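Protein chains get the first letters and strands the later ones, always in sequence-line order, with residue 1 at the start of each. Computed from a predicted model, the values in this text were never measured in an experiment.
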Amino acid sequence: MSGASRSNVGGWLRGTTIRKGATPSTTRSATPQVQSTSSTVFGGGVKDASGRTSEFFSMDDQCPVCKSDRYLNPKLRLLVSSCYHKMCESCIDRLFTLGPAPCPICNKILRKLAFIPQTFEDLVVEKEVAVRRKIAKEFNKRREDFPDLRSYNDYLEEVEDITFNLINDIDIPQTEARIAAYRKENASLIERNLQREEAYAQALKEHEEAEKRERQLRADELRRAEEEERDAREGERRALIDTLAQSDADAGRLVARSKAEAQKRAAARTSAAAHAVQASSALLLRSRAAQGAAVPDVPHVAIQDDWYAYEDMFTLRPSYFDPASDAVRRDREGIMRAGGYRVEEAWERALRSAVAGLDLPPLVGLAAGQGDGDVVMASV
Amino acid sequence: MALPAPPDVPSIPPPTRTPLFEGSTQFRNWRFSQQQLHATRVSLNRSAVTAIRNTFEADLPGSSSDIQFLESKEELLLVKLYVTKISQLCGHFRFPEEVEATGISYLKRFYLKNTVMDWHPKNVMLTALFLATKTTNNPISLEAYTSNIPRTSASDVLDLEFLVAQSLAFEFAIWHAHRALWGLWLDVQDLPNAPNRDDLQKYYDTAVQHVRTSRLTDAELIYPPSQIALACLSLADSDLAATWARAKGAESVLQIIPSIKDMILQDGQVPSVEVVREIDRRLKVCKNPEKVVGSKAYLAKKEKEEREAESKRAKKAEGVRKAMEDGDPFGDELNGAATAIAALDDDD
Amino acid sequence: MDAVEKANAARQRRWTKDQKVGEGTYAVVYRGREAATGRRVAIKKLKVGQFKDGLDMSAIREVKYLRELRHPNVIELLDVFSSKTNLNLVLEFLDSELEAIIKDRTLVFLPADIKSWIAMTFRGLEYCHRNFVLHRDLKPNNLLIASDGQLKLADFGLARDFADPGYKMTCQVITRWYRPPELLFGSRYYSTAVDIWSVGCIFAELMLRTPYLPGESDMDQLKTIFRALGTPAEEDWPVRPPRTASDDTLADVHALQGHTKLPDYVPVGQFPKTPLRDLFTAASADTLNLLGKCLVYEPRKRISAKEALNHPYFSALPYPSHPSKLPKCAAQLASAKVLEEVNGNVDPVGQGPGVKAAPPKRAKRKLSDDDISRNIARKLDFS
């Protein structure tokens, strides 16, 4: 499923001509525009998530056939044949316009339209991607189609094996035979999986559309609300001016009254907005409630642990005779205080350690270890 | 002790509340009775003697018969001396009191798990102090530390660091008596008939000296710091201490502090230098050769350890090789075999 | 030594390692089990012995504090054991962190959910402060979520004691986006308020679903803060001499100069104070009140954890969601697949110790497995 609606993909099938110098819309704006000198438009290439292709481009590009490079010919564009050899558009034009001809590098018979722009820097990768693309169309089974992990792994290995052979031109006829055999055996499964993938992509698209629509809606609503507010305020101001002009009443009082009314209206508006929010979260709440009605929310409890910090055993006084903390409290520049340091906290800590464990009787006797059994006593 | 209800938002009063001190590792793992301390030290000493004797015998039969091994009370004296050395070092570096107290505690606790015949306190002391600077957030660079201590290299300090931390069971936080004393002294000012400033100052100075002395004793291993602090104050002015204890509703503690006071007064003496020198001399002879780098026994032990590690590695490699041969690097998962207990090697 | 080693070996046998789930500069994290009960744990193996100053400070800090702290909202250290050169911390296993949940756009937060999370954060933090421990690295990354929904504070690699009188502390703590202005101004004497500021930022982030104050550098962080909350005037952050200090040690009148006296103070530009309501349009008055109190400039005036827990925001309706009903991100819900791809970035117990030098990049995403497969499927369109 490609973005079939995109412009030029059908173009090359039809061999549509295009004005010279026009930028092919299949290239991304960020990539430097490679202007085509040929009169034929070439499509193809691997698309990314946005449905556009980017073409590989390097300053060192040089046509292996005519040896022209980008320095001499800034509009140089290298395309790739079906036997994965590169050459520039002018050579292609020159060699293949009159019909199929052998490739100047490997002598395989090629047609002009069999050339595609290069997407990846490494032609091996280009080939691999094309092979995998082809294979994936037929070998599209998933983990769920297998009874156990072992058989799934075996299948994957088979696929990899076939792919490897195709890419490296090993045992081509046997490999093709394997593919044909597989195709025959699994025809129905392949079909079903294809349909499933299409459905999935469709669902994805719909989801995206829905989201976009929602966002649009919200933006519209927001705009509308703002406009309303602006209009309302305009209206209020005009009304105020009118009343001021007409009546003899105290201007100040009139203005004050109008302001109060304006505030009331603004409050009503925000509460309406808040209501909307509440309504949607009410919906959410209901769905949540449906989910887990078994566990109710309980009121908040401030401190829930059961640690006792001896708070009742002492009172922290605001000040003490305490030479130890004099330097801190003097703090001429207020630096310590500006940072938030409080000598009271040091006092509190000291006071607490003075009362902690005050009534603990010492252990006696040789009773076994009292801890969590953390440390084993040396008794080898 | 009354349990107050917190204000504002009602909280559900739990059945029992654990005091914070009783959640600390100090309370749970480093609190002993007199008898336990004694028994631990004696048994530690005995097993060390046996082990070392065997090492001597293995090397040269009959060589251990005329060696006078240390007794546990002699070990204790040696440790005590080095406690004083920590105080000296801290004075030299001007470390805060927290560092000094922590370092001393680490040293004492270390020798509840180890014997001086394996590890001489002179290095352990340096390491314990260095570790204390880190755990109390007063770090000093190793460079600065060793360059200020004569005849000390970085490895002297670092080699033992992990061992010390292990022996402490990585329990680094300690509640100290000097902070408790400070708090006590502040709280005393809250009493209805608080003494005047001069007296207060006098009591504090005396009590602080006693706290320092107490570090030479086993007090911190038996009593909580609040009781030790109270005992020190009591040595300065027993009436004040008693009044305060009564005001806190903790009269029972007044039964406990006499034994603490005795301990401080009797056991707080710095050991005499001659006695310690004698012990040190004997230690040179009876110390564990396995721990002396370069000695025969040390090398033999290292070899044995290396062999064990090697066999463990081989077994592991064997296991992996077997799995690969079965045709599946993921052999375990697919065959449903139970995952093996991973040997926690260094190279994991 | 042998006795100690034996003890260690005994403890080591209690736990089995299953699978590596993450690796950082300071630690390798494994998923494991308690051998006897099958309970899931995370075993964090800290690499020691590679630093020139010996045991790493962050490792020490983590162990020291986690050993002493025990609270339902603080990660629990179950055991510590060591082999020759490794320190292993056995921590409870926590599925995910708050950051992943915030970033998962498929989840919707109810106000009750936010209230619940913040309550748990405050409770854990109040417990730490009660024990005189500053966390100093609060951020959604370090708030881990258990399978029952409980939130736990983790990663105490930067924690330290406070309330030691007059000790200087470093100001290079807390990840930049969550760092309070007094630290950015270089204050060396601070207190629990620094953690509260972080919680305020996390609170805002829960509502906005994006970091509230993302600065690009320390200087920029200050500007970002001031732009959002207005430049503090002298009245906002003064330092009057305490009226009740004992007489003979009183500071002079000069102390009125306030925050401009902090070590690294620089004037950053005048920004007006915009009300919080303008940005947090859906929040209730109580919410904004509490948020505002967490983001007060003067540290002494900033609300404390205990006061925060008693704030009307929590007692007002709706009740905080029960932890088991809180939203979970996809990674938590997915059951462990056998041949799960281990994403090296996943660190269920929080990152290794060490001071964070750079803030998390804005675009950083922690993808769940489904996300990953979907993205890849889109990128290579084999159609």
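Note that A:R317 lies in the cation-pi zone of A:Y320, set by a 6.0 Å cut-off to the ring centre and a 45° limit from the axis.
Side-chain N or O atoms of A:D306 include none that pairs as donor or acceptor with a backbone N or O of B:T18 at under 3.5 Å. Put simply, the side chain of B:K108 gets close to the backbone of B:R215: a donor and an acceptor are under 3.5 Å apart.
Interface remark: B:L200 contributes side-chain atoms only to the contact with chain A (heavy atom separation under 4.5 Å). Within the 4.5 angstrom heavy-atom criterion, only side-chain atoms of B:I256, from C-beta onward, approach chain A.
Side-chain atoms of A:N165 and A:D171 include no donor-acceptor pair closer than 3.5 Å. No side-chain donor from either of B:S214 and B:E220 sits under 3.5 Å from a side-chain acceptor of the other.
Shown here for A:I135 and A:L166, the closest heavy-atom pair between the two residues is CD1-CD1, 3.6 Å.
The choice from B:A51, B:A39, B:S33 that makes the most heavy-atom pairs within less than 4.5 Å of chain A is B:S33.
Using the six-membered ring where Trp is involved, B:F21 and B:F27 have ring planes that are perpendicular, over 60° apart on the 30 and 60° scheme.
For residues 221-229 of chain B, the interface with chain A (any heavy-atom pair closer than 4.5 Å) comprises B:I222, B:Y223, B:P224, B:S226, B:Q227, sorted by residue number.
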